[in-house]
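A short worksheet on the structure shown next.
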Amino acid sequence: MASISPYGKRFISYLRREQIKRLLSTRYRVDGRGPEQVRDVEVKVGVVKTADGSAEVRLGRTHVVAGVKVGLGQPFPDAPDEGVLVVSAEVLPHASPYTEVGPPDESAIELARVVDRGIRHCGYVDFKKLAVEGGKAYVLWVDLYVINDDGNLVDAANLAAVAALRNTQLPAVVKDETGIKLGRNNKSPLQVEVAKVPVAVSVGKIGGVLLLDPTFEEELSLDGRITFTFSEDRIVALQKSAGHFTQAELETALDLAWRGRERFASALKDVLG
Amino acid sequence: MKKSPVPLLQNGLRADGRAPDQMREVNMAVGVVSNADGSAVVSYGLTTAVAAVYGPREAHPRHLALPDRGIMRVRYHMAPFSTKDERKSPTPSRREIEISKVLREALEPAVVLEQYPRSRIDVFIEILQADGSTRVASLTAASLALADAGIYMRDLVIGVSVGLVDNTVVLDLNGLEDQYGEGDLPVGYMPNLKRFTLLQLDGAWTRDKFLEAIGLAVKGAEYVYQKARDALKNRYMSIAEEIYGR
C-alpha cells in the first residue's frame, strides 16, 4: 500500500481554474462568496433511529451523515481505564463522479483520522467515564458517511461527528450468567463537555489568497490546504493536506480559521444546547 | 495525557539530558542501497529511516499517468521489529497509510514533476528502528534519496518534530516525549524557499506556543539542512574519488 499522486486532481479544466484564480484576485469566488465567507450550515441530530447517536450536516451542497454505535470491548493496553473511540469515514460512490467503489482510500482514512485527533484529547468526551467493570470498556464507533461531496469534507464531517456524539445514548451494562453485555432497552445520554467541543476549520490557498470552506471545484484548484481544529482557545489538531505555506501565510491562515470557527460553533449551538 | 514514568523535564533538561532546543545526534549517509537510483539513511537518535528512490520510470498502472507531469508514489512503512513493545504487524496500518499520503504531499512541492510527464517516481521509506519522530526522519531521508537519484528539485524538504513537554516547547521528540508529552507537531520545511510542506499537530496548543514551536522547527530544520548538504557532498566526493582517484 503506497500513496500515489491522484489523477482526480486533474479533473478541472485549465480555463476554469484560471477563472477561479482571476476572480479570486478581486476577492470574489465563483459562487459569489467572499474569501472569508462560509456556506450555509445546517446540523440535525437524531436522523437515524437505529443508531445510538446520529447527525446530519449540510454545508452548502456537501452532505455528511454520522452514526454512532456503542459497543463493549477491550480498552487500549496503554489506557486500561478508558473507553475507546473509533472513527471511520466512507466516501460513498454516490458522493462524486470520481469516487470509486471499494474500501476507504487514503483520503477517507485521512479524513477519519483528522476528525478523530480533534475529538480524542480535547476533553469533549471524558473517556475515563467510559470504563466498564471487568476490564472492559465502552467503544464508541463513529462512522462518517459522505453522501455528497461538494468540498470541505473535514469541516462538515467534524461537525457531524461532534453532533452525533452529543446525541448519543449509552446502552446500560447488563450482567447475567454469561457475563456482561449491553442492554439497549435501558439507555442514558453520553455526557459531553459542551464548552470543549472541537471545531475543525479548513483554509485553502489559491493563487496567494487564503479562503474558508472551499468547494469541490476550488479544492481542485488549491495551492495549499490546511485544517485547524480548535477546542476552547487551544489548537488541538492540525493537518496540512496540500501544497505549501510560508510562515506568514500560516499565521494568517490560523487567524482566519479562528474567525471561521465562530460560524461553525454557532451552527452547533442549537444541537449542543 | 498519561503520566510519564520519569520526569520529562528537570532543571531545564530533558529525560535524555538534552536542552529543549537540542536535536538528538543526527547521522546521515547517501547512496546506501546500490540497486536504487537514489537512497539515504537518516537517524535522529535511535530513530532510523532508510529511503530508496526508483525512477523516473514508466508510470504503471498506465491510467494513472498524467500527460503534463510525473506522479509520485510514496510508501512509509515500519519494520515489524522497529517498535519497543510487541511485534508490529507488517500489514500497513491506517496510520501508515495516512503518513504515506502526508509525506507524498510534503515531497511533491519540492520535486519538479513537470519535468517528468507520463513518468512515475517511487519513494520507499522503511523505519528500521522507531523512537519518536519517525515521519520527519523519513522526510529528510526521502528528500536526500530524491536528490541522490538526480531528480530535479526546488529545495530539500527537511523534517523535524517539535513538541510540548511540561508546557515547554522542545525540539525533536523521542518516543518517551511523544507518548507522554502534551503535544506533537511534525514539520516539513524547505530551508531555501522558506516554506512548510508538512504540518500536523496533536495535543493542546495555545496560539503563542504554536508559533514559538514553528520558530523552533525552522531553527532545527536549518541545523539538519547543513548536515543533509554535507551528506550529499560526501556522496559526490566519493563518486569523484572513484572516477578520478585521490
Side-chain angles (χ1 to χ4, degrees), chain A residues 1-7 9-10 14 77-79 81-82 86-88 104-114 116-118 120-123 196 223-251 253-255 258, chain B residues 1-2 61 63-77 85-86 91-92 94-106 108-110 113 120 122-124 179 182-183 185 188 190 193-207 209-211 214-215 218:
Chain A
M1 194 69 176
S3 175
I4 304 180
S5 314
Y7 194 81
K9 278 204 171 152
R10 289 278 135 159
Y14 285 99
D78 61 343
D81 53 349
E82 291 183 14
V86 184
V87 181
S88 313
D105 67 0
E106 59 176 31
S107 304
I109 289 172
E110 181 184 42
L111 172 64
R113 287 177 60 85
V114 172
D116 181 306
R117 282 201 285 273
R120 189 168 292 275
H121 296 299
C122 72
K196 292 184 175 170
D223 302 312
R225 182 201 164 88
I226 190 164
T227 304
F228 296 89
T229 307
F230 301 103
S231 169
E232 295 180 308
D233 61 346
R234 303 292 168 109
I235 311 165
V236 293
L238 180 161
Q239 183 95 338
K240 188 234 86 179
S241 50
H244 50 77
F245 290 86
T246 64
Q247 198 162 340
E249 283 170 343
L250 191 59
E251 261 179 70
L254 171 57
D255 296 338
W258 177 250
Chain B
M1 287 289 154
K2 309 268 153 333
H63 69 273
L64 293 176
L66 296 175
D68 59 343
R69 57 168 201 159
I71 60 173
M72 283 183 78
R73 189 167 76 141
V74 176
R75 184 177 99 137
Y76 162 97
H77 186 254
D85 22 59
E86 279 162 53
T91 317
R94 284 158 52 98
R95 175 180 169 277
E96 286 166 299
I97 292 169
E98 186 204 342
I99 292 178
S100 298
K101 178 177 188 283
V102 296
L103 291 182
R104 175 175 57 73
E105 288 170 336
E108 278 172 340
L113 286 166
R120 190 181 82 198
D122 285 332
V123 183
F124 303 123
Q179 196 178 350
E182 298 116 63
L185 171 56
M190 298 194 282
L193 298 174
K194 300 194 188 327
R195 278 173 163 77
F196 297 92
T197 66
L198 175 90
L199 283 164
Q200 291 183 288
L201 171 153
D202 64 26
W205 298 72
T206 60
R207 185 180 193 279
K209 286 289 173 198
F210 171 69
L211 294 177
I214 290 291
V218 169

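Bear in mind that the values here come from a model prediction, so they are computed numbers and not experimental data. In what follows, chains carry the letters A, B, and so on, assigned in the order in which the sequence lines appear, proteins first and then strands, with residues in each chain numbered from 1.
With a threshold of 4.5 angstrom between heavy atoms, B/V102 approaches chain A through side-chain atoms but not through N, CA, C or O. In this structure, chain A has heavy atoms under 4.5 Å from both the backbone and the side chain of B/R95. Only the backbone of B/K194 comes within contact range of chain A, with heavy atoms under 4.5 Å apart. For A/D105, no part lies near chain B; criterion is any non-hydrogen pair under 4.5 Å. A/S107 touches chain B through backbone and side chain together, each having a heavy atom under 4.5 Å away. For chain A, the nearby part of B/F210 is the side chain; its heavy atoms alone come within less than 4.5 Å. Proximity to chain A (any heavy atom under 4.5 Å) is shown, for B/V123, by neither the backbone nor the side chain.
B/P109 and A/G243 get closest at one heavy-atom pair: CG-O, 3.8 Å. Nearest heavy-atom pair across B/R94 and A/I109 is O-CG2, 3.6 Å.
When B/L103, B/I97, B/D85, B/D122 are compared by the number of non-hydrogen pairs under 4.5 Å with chain A, B/I97 comes out ahead. Most heavy-atom pairs under 4.5 Å with chain B, from the set A/R234, A/Q247, A/R113, A/E249: that is A/R113. Counting heavy-atom pairs under 4.5 Å between each of B/Q200, B/M190, B/K101 and chain A puts B/K101 at the top. Interface remark: of the candidates B/V74, B/L193, B/L198, B/I71, B/V74 forms the most heavy-atom pairs closer than 4.5 Å to chain A. Looking only at heavy-atom pairs under 4.5 Å with chain A, the residue among B/R195, B/R73, B/E96, B/R120 that has the most is B/R195.
The shortest side-chain heavy-atom distance between B/R207 and A/E251 falls under the 4.5 Å cut-off. Taking 4.5 Å as the limit, every side-chain heavy atom of B/E105 sits out of range of all side-chain heavy atoms of A/R225. Side-chain contact between A/Q239 and B/E98: present, with at least one pair of heavy atoms (C-beta onward) separated by less than 4.5 Å.
Rounding to the nearest 0.5 Å places CD1 of A/I226 at 5.0 Å from CG of B/L199. Taking OH of A/Y14 as the reference point, atom CG of B/D68 lies at 3.5 Å (rounded to 0.5 Å). The CG atom of B/L201 sits 9.0 Å away from atom CZ of A/R117, with the distance rounded to the nearest 0.5 Å. Rounding to the nearest 0.5 Å gives a distance of 13.0 Å between NZ of B/K209 and CD1 of A/I235.
Shown here are the side-chain hydrogen bond (donor to acceptor under 3.5 Å, both in side chains) partners of A/R120, two or more places apart in sequence or in another chain: A/D116.
Formation of a donor-acceptor pair under 3.5 Å by the A/K240 side chain with backbone atoms of B/T197 is found in this model.
A side-chain donor-acceptor contact under 3.5 Å links B/E108 and A/S5.
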